[in-house]
Every structure is written in structure tokens, then in C-alpha cells.
Amino acid sequence: MKLYVNGTSPYARKVLVVVQEKGLESAVETVFCDPWSDPAALLAVNPLSKVPALDLEDGTTLVDSDLIAEWLDASGPAPRLLAPIGPARWRALRLAALARGVTDAAFAAVVEGRRPEAERSAGWVSRQTAALRRAVPALEKARFPDGEPGEPEHFDLGDIGLAVALAYLDFRHAALGWRSLAPRLADWYDEVGRRPSMQATAFG
Ligand SMILES: N[C@@H](CCC(=O)N[C@@H](CS)C(=O)NCC(=O)O)C(=O)O
């Protein structure tokens with residue numbers, strides 16, 4: 001199967017981390033492309049011209065990072081990155097949704113900054129930045145509810161979304177200083193950021 005990605009997309013990185021955590025590197029051919037230039041090969045897989053997009057052997061195409069991550073988890077080998085229906089699954093999905101919202105706000109602010117100057121909205125960027133300031137402490141609370149001890153060895157789809165969202169804040173929003181908003185999350189991130197899957201998929 002072919003996975004369309006680029007090197008600076010947080011959505012693509014989330015899926016690349018899943019590929020590594022599942023040990024699927026030899027089953028997945030990674031194709032780097034620029035989605036903003038509407039390359040024909042990507043459009044054939046994703047008419048939205050967004051990465052990530054996955055082209056399966058039987059011609060089925062999957063778009064959207066969360067769908068692709070869940071599909072790779074369900075159809076690939078152990079370890080399972082999403083628990084069966086029950087509290088652990090809801091915890092992971094809740095965390096994944098909040099982390100995705102942080103990624104969306106962070107990415108929207110970056111895209112806004114790339115528009116021609118006359119078309120940029122400072123108000124839109126500050127709305128996204130305010131959302132990030134509120135959401136980072138909420139992420140910490142969602143990851144460590146009521147003093148629950150950290151489990152760095154546990155790295156499910158919720159944690160992967162969270163780790164990649166924080167990595168993207170470092171990459172594109174260093175001025176936010178997210179670590180001072182969520183010191184416990186910062187310790188957790190220092191730990192999980194050393195995982196081979198995170199190291200092998202660094203932005204750039
Ligand atoms: N909800 C999608 C978002 C994907 C997305 O927006 N990808 C960006 C790269 S970070 C992209 O390809 N943008 C190109 C465009 O919007 O034209 C997902 O989770 O996969």
C-alpha cells in the first residue's frame with residue numbers, strides 16, 4: 001500500500017508514527033508530495049489534495065489521518081493501539097479529539113500566516129492562539145485526570161495524537177511556550193519524544 005505524506009504535516013506524522021509503532025514499515029510505501037500543488041498521483045487517491053492519504057492494494061482509498069490510523073491499527077499486527085469498546089477506548093478517543101483540535105488550531109494559524117498580507121486576518125490568528133492557550137492545560141488534564149500516574153510505556157492512538165500535536169507546537173508555535181502551560185505534559189512529552197517512532201518521523 002502507498003501512503004502519501006509530506007514532511008511538515010502533523011496529520012501525516014500521526015499516521016507515520018502509527019506505521020512505526022505497528023512495525024508496518026515494509027508493508028507501507030511512503031510517497032512524499034506537496035499537497036498544495038495538487039499532484040496528479042495524490043489527486044487520484046484524495047480528490048481533496050490533502051495528506052495523509054492511503055492507497056490500498058485493492059484500489060480502496062482512505063483519506064483523513066484518524067481513519068487511516070484506525071484502519072492500520074485494526075488491520076495490522078499487534079500491538080493494538082486502540083482498546084476495545086470500554087473506558088480505555090473512550091479515554092483514548094477523547095484525548096485524540098482534543099489533540100486533533102489543537103493540531104487544527106495550530107495548523108489554521110500557520111496557513112493564515114501564509115496568505116498574501118492583504119488577505120491575512122490578525123483576529124483569526126489570535127483566536128486560534130487563544131484556543132491553543134486554553135486547550136494545552138486541558139490536554140494535560142485529559143492525559144492525567146485527578147493525579148493518575150503517568151504511563152510512558154503506554155502509547156495508544158490518543159497518546160500518539162497528543163505527542164504529535166505537542167511536537168507540532170514546538171515546530172510551528174515555539175513562541176506559545178506550551179511547556180509552561182502544562183509542566184506535567186512537558187515531562188511526559190520529553191519521555192515519549194524519545195521513542196524510535198517519534199525520532200524517525202521528526203518534522204522537516
Ligand atoms: N483532517 C485531515 C487534515 C489533513 C490536512 O489538512 N493536511 C494538510 C497538510 S498538514 C494538507 O494536505 N493541506 C493541503 C490543502 O489543504 O490543500 C486529516 O486529519 O488527515
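As the structure is a prediction and not an experimental result, all values here were calculated from the model. Both counts, for ligands and for their atoms, begin at 1 and track the order of listing. For the single chain, residues carry numbers from 1 onward in sequence order.
- Linking ILVMFWY residues whenever their side-chain heavy atoms come closer than 4.5 Å, directly or via other members, leaves W36 and L43 in distinct clusters.
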Problem - Residue pair F171, T8: steps toward the side chain to side chain contact (heavy atoms under 4.5 Å, CB included) verdict - result: CA-CA 9 Å; F171 181 52; T8 58; 3.8 Å; yes

Exercise for the section: Apply side chain to side chain contact (heavy atoms under 4.5 Å, CB included) to the pair W71 and L56, showing each step before the final yes or no. Expected result: CA-CA 11 Å; W71 187 87; L56 302 181; 3.5 Å; yes

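- Transitive grouping of hydrophobic side chains (ILVMFWY, heavy atoms separated by less than 4.5 Å) keeps V51 and V28 in distinct clusters.
- Under the salt bridge (charged side-chain N to carboxylate O under 4.0 Å, His left out) test applied with D159, the options K14, R195, R91 reduce to a single match, R91.
- The main-chain N or O of M198 is found under 3.5 Å from a side-chain atom of R13 such that the two form a donor-acceptor pair.
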What are the distances between nitrogen or oxygen atoms of ligand 1 and protein nitrogen or oxygen atoms, counting only those under 3.5 Å?
unit_1: ligand 1; atom_1: 1 (N); unit_2: D64; atom_2: OD1; d: 2.9
unit_1: ligand 1; atom_1: 7 (N); unit_2: V51; atom_2: O; d: 2.9
unit_1: ligand 1; atom_1: 12 (O); unit_2: V51; atom_2: N; d: 2.9
unit_1: ligand 1; atom_1: 16 (O); unit_2: K50; atom_2: NZ; d: 3.2
unit_1: ligand 1; atom_1: 19 (O); unit_2: S65; atom_2: N; d: 3.3
unit_1: ligand 1; atom_1: 19 (O); unit_2: S65; atom_2: OG; d: 2.6
unit_1: ligand 1; atom_1: 20 (O); unit_2: S65; atom_2: N; d: 2.8

